[in-house]
> 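Below you'll find the structure I mean.
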Protein chains: 4
Amino acid sequence: MTDPDVRASIMRAVYEALCEHGYTELTAQDIADRTDKSKSLLFYHYDSKEDILGDFLEFLFERFDERVAETRDRPPVERLAVFVDWFLYGPEENDRQSFHVAMLELRTQAPYNETFREKLRKSDDQLRAVLEEILRDGLEAGEFNEHDPEETAALLIAAFDGARIRQLTIGRDEYLEQVRKGTATWVFDDLLAEDASFPADRDPSTLPESDQQHRLAADLGNDGNGDADESNDDEPTERDRE
Amino acid sequence: MTDPDVRASIMRAVYEALCEHGYTELTAQDIADRTDKSKSLLFYHYDSKEDILGDFLEFLFERFDERVAETRDRPPVERLAVFVDWFLYGPEENDRQSFHVAMLELRTQAPYNETFREKLRKSDDQLRAVLEEILRDGLEAGEFNEHDPEETAALLIAAFDGARIRQLTIGRDEYLEQVRKGTATWVFDDLLAEDASFPADRDPSTLPESDQQHRLAADLGNDGNGDADESNDDEPTERDRE
Amino acid sequence: MTDPDVRASIMRAVYEALCEHGYTELTAQDIADRTDKSKSLLFYHYDSKEDILGDFLEFLFERFDERVAETRDRPPVERLAVFVDWFLYGPEENDRQSFHVAMLELRTQAPYNETFREKLRKSDDQLRAVLEEILRDGLEAGEFNEHDPEETAALLIAAFDGARIRQLTIGRDEYLEQVRKGTATWVFDDLLAEDASFPADRDPSTLPESDQQHRLAADLGNDGNGDADESNDDEPTERDRE
Amino acid sequence: MTDPDVRASIMRAVYEALCEHGYTELTAQDIADRTDKSKSLLFYHYDSKEDILGDFLEFLFERFDERVAETRDRPPVERLAVFVDWFLYGPEENDRQSFHVAMLELRTQAPYNETFREKLRKSDDQLRAVLEEILRDGLEAGEFNEHDPEETAALLIAAFDGARIRQLTIGRDEYLEQVRKGTATWVFDDLLAEDASFPADRDPSTLPESDQQHRLAADLGNDGNGDADESNDDEPTERDRE
DNA sequence: GATGAATGAGGATTCATTCAT
DNA sequence: CATGAATGAATCCTCATTCAT
């Protein structure tokens, strides 16, 4: 796998195929179908289907890396708010749920798959590191009250992840809002120095234009608003079955 | 499906097969193999493999129902501690990880499966109801400070679930302890009236003898320490592949 | 199989199951479902599914026998007209097509099944014998011109059967009318003595009230107008798949 | 399915499998076994077993098309005689009965199968068109007396088809001769202008060397006298059961 | 007689992966 | 590089038939 263009086109195909079929129902053919190349070629570039997905995780990780740096110059409170919104609501509110569902499926394969596990660990480490950095910066800047950044980061990430997962799997969208309010009540209100306050209600208009995942979609060469199913609410999208 | 014994034996087979193969790799044959009956019989009792798993979720739900009542007579603070320990650590510390991993796989299929979704929703509703009940009881008993039980329950469950999921998928056991401490710091310390305090460190010896999931194992007719893989730590168990 | 009531109820179940599922898709369960007894009992009374169908053919044959006698006292020309209408249009015009389609499927199994073959031969022999009898009676009565009854009977039955089959299989209803007119033109017009004439157009109102197959339905204990699909024309009924 | 050779080899395998197993008992494996390829390959080229059979009907239709043209330059009376012989007796007298039985089974599935129905209709339309053409040509050439070609064609085809079906299913070979004589008596003797006469007895020696179905066999790449069962008379061949 | 339970022997279809060209 | 063709190993599910009660 030398040619970055070929890789990019495969990665994009994987992304789209995951959105439409989910991970469990994903076939090599599904990926090839979203490429202008043949299925056989996939196995020329990769040793196995698993290998392709492994590289996809790597690809995601690389993109994430690039994006994180971009928010480094913002003040800690703002970065924290962006982080919360990004994690809890993802791109375009409920958009791309199907992709996140597929990623969730993939995550559940990590216990059985060394490669997946390793990549997801790197990703987890990095995610916590970013949040810890924000918290530490806030401490140093005197914007946050004294606390243990590591412990707090772990709690917040667990809470956000848990909320997102329940929303994605059982379609309970209200979870997101409840958990957001819960973190505001129990954590942020105490975390922020007395003069500051975490926005009680989420106001999307204050968000920076291009958040992380918009960028992911852009990187993948689509508009982040492709032909994948996006509807949601009470009835999660049925898997696309050919 | 009239005979409860037959159902029980199938449910147990499903449990064991899930532990050994995970959900994604689970075949009807795997289930039958853990029964003294033939594969065809499964389809005599159930319409499809999916149907079997659906009933398994129902079965789990029924057991859970029965167990919850048993802790009702304890004081709220104790119930809360039991709840946290049960959720975060599950039975026998790291035991039966493989089962929980499989359940996690199954949960990720809910977006594609109406039946799974519905059962998991019932389960989620009940779980939150139990925690809210504990919180409300504590408020009424004056053991807890004023707070919004619904919001708090949602936050705690999300955090516990998220921690467990990360531990299960990427094998980061320290997540559990970090999140436990985080909730103690940010939530429980404020929640409990001044004279009470949430145990800073978890001490298994103080736990009541038979917690929920020991009971599940017992219900399923095994010792909760069966032949399923149990090793964990840094390297999650590889799926048992025939 | 001693009890005639049991046999009758099974025969009726076979009839209904054939109407709804066709022969190829017919299962022992389908038959049992239309009985108030269990599937196992079928195999108590019969050695095999094939055996059941064999007895069903026998049953049909017995009914047919009884019916034929009833028209014996009519004049030959009238009997001939009834025969043609009965054969070409069956009961209630296009009704019970599904049954006849199933019987056609069954007939095609005769080459592989000694029992079926034998019963169908008996049935064929009898059918030709009846027509020959009519033709011979007409000859003797001077109502028909000189001809070879055996040869004519064979031709007519082949033509009627072929027309019916094409109508049933490819849904070309016009075949029936064309063949009826064809036989009138080429056979009946020459067959009938100069003073008589075969009705050029078929007029159902002149038919005797209860023709053969109404009786079959009645014998089977239903109204000959059950819940089986009856629609037809250009698009033959799709098989009922549970 | 681009390669015509592959298609041809599959079509031939279908033909042979149909001869040996009949339609009802035909499995994908039976077809693959008569190929030098694997069963999976069938599903690479076709979507389903049904799809294969659908294409087989199409294939037959194409062959038939080609053959019809070849007799176009003969005089109407001769074409009529060839038509009758071909239809009533098929290739090599009683040869390939098993194939025709299988086709009959397939025809009875048309009511349940849109694709089969459509192809069989095309085939039926063409068959009648050919006969009507012969009759019309004979009228124009003054070789046939005045009549309605459409009506006559329908009658003849119904009679021939009905005769063939009865012969195939119940093994009454005499039907063929009787119906042939019947048509001669009632139709052809009147149809032909006074100076001509339809051959009273069938004399195979006068038939043109290569009739239609010899050609089919040849097209299919075998000698028309393959290893399929051919015995007949009173006891139709038992289906070949593995 | 009657039945619920049980099963063996398929049978259609899928899919990751390989290979000749 | 690229691909169409090819396949082995599964996998779910069906169903006639049997059997213990």
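Proteins come first, then strands; the chains are lettered A, B, ... in the order of their sequence lines, and each starts at number 1.
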> Identify, between C:Lys39 and D:Lys39, the residue whose nearest nucleotide on DNA chain E lies closer to the 5' end.
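Closer to the 5' end of DNA chain E: C:Lys39.
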> What's the CZ-C1' distance between A:Phe43 and E:dA16, to the nearest Å?
5 Å
> From OH of B:Tyr23 over to C1' of F:dT11, roughly how many Å is that when rounded to an integer?
14 Å
> If I take atom CD1 in residue D:Ile10 and atom C1' in nucleotide F:dA6, what distance separates them, rounded to the nearest angstrom?
12 Å
> Let me spell it out: for each of D:Glu50 and C:Leu42, pick the nucleotide of DNA chain E with the closest heavy atom. Which residue's pick is nearer the 5' end?
C:Leu42
> Would you say the side chain of A:Val101 lies within less than 4.5 Å of the side chain of B:Tyr112, judging by non-hydrogen atoms?
yes
> Between atom CD1 in C:Ile31 and atom C1' in F:dA16, what is the gap in whole Å?
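These atoms are roughly 11 Å apart.
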> Please tell me which of the listed nucleotides, F:dT7, E:dA2, E:dG4, lies nearest to the side chain of B:Tyr44?
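Per side-chain heavy atoms of B:Tyr44, the pick is E:dG4.
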> Relative to each other, are the rings of A:Phe99 and A:Phe56 parallel, tilted or perpendicular (30° and 60° limits)?
perpendicular
> Distance check, rounded to the nearest 0.5 Å: B:Leu104 atom CG versus A:Leu104 atom CG?
6.5 Å
> Looking at E:dT3, E:dT13, E:dA6, which one has an atom nearest to any side-chain atom of C:Ser38?
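Nucleotide nearest to C:Ser38's side chain: E:dT3.
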> When you measure from the side chain of C:Thr27, which nucleotide among E:dT7, E:dT13, F:dC15 comes out closest?
F:dC15
> Between F:dT3, F:dT7, E:dT3, which nucleotide gets closest to the side-chain atoms of A:Leu41?
F:dT3
> Nearest-nucleotide wise, let me know which of C:Asp47 and B:Ser48 is further upstream toward the 5' end of DNA chain F.
B:Ser48
> Would you compute the distance between atom NZ of B:Lys49 and atom CG of B:Leu42 and round it to the nearest 0.5 angstrom?
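Interatomic distance, B:Lys49 NZ to B:Leu42 CG, rounded to 0.5 Å: 11.5 Å.
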> Pairs counted as Watson-Crick or G-U wobble with both distances under 3.5 Å: what dot-bracket string results for DNA chain E, using | for bases tied to another strand?
.||||||||||||||||||||
> For the pair made of NZ in D:Lys49 and C1' in F:dT14, what is the distance, rounded to whole Å?
13 Å
> Side chains of D:Thr24 and C:Gln109 only: does a donor on one sit below 3.5 Å from an acceptor on the other?
yes
> Hey, does A:Glu105 have a side-chain heavy atom less than 4.5 Å from the side chain of A:Leu26?
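Not touching, per the 4.5 Å side-chain cut-off.
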> Expressed in angstrom and rounded to an integer, what is the separation of B:Glu25 atom CD from F:dA10 atom P?
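My rounded result for the distance is 12 Å.
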> Would you say a side-chain N or O of D:His45 is under 4.0 Å from OP1 or OP2 of F:dG4?
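No.
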> Rounded to the nearest angstrom, tell me the gap between atom CD in A:Gln29 and atom C1' in E:dA16.
11 Å
> Rounded to the nearest 0.5 Å, what's the gap from CE on A:Met11 to CD on A:Glu62? Could you check?
9.5 Å
> For C:Asp33 and F:dT14, what is the distance between atoms CG and C1' respectively, to the nearest whole Å?
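Taking CG of C:Asp33 and C1' of F:dT14, I get 15 Å after rounding.
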> With heavy atoms under 4.0 Å as the rule, sort D:Ser40 into base, sugar-phosphate or nothing.
base
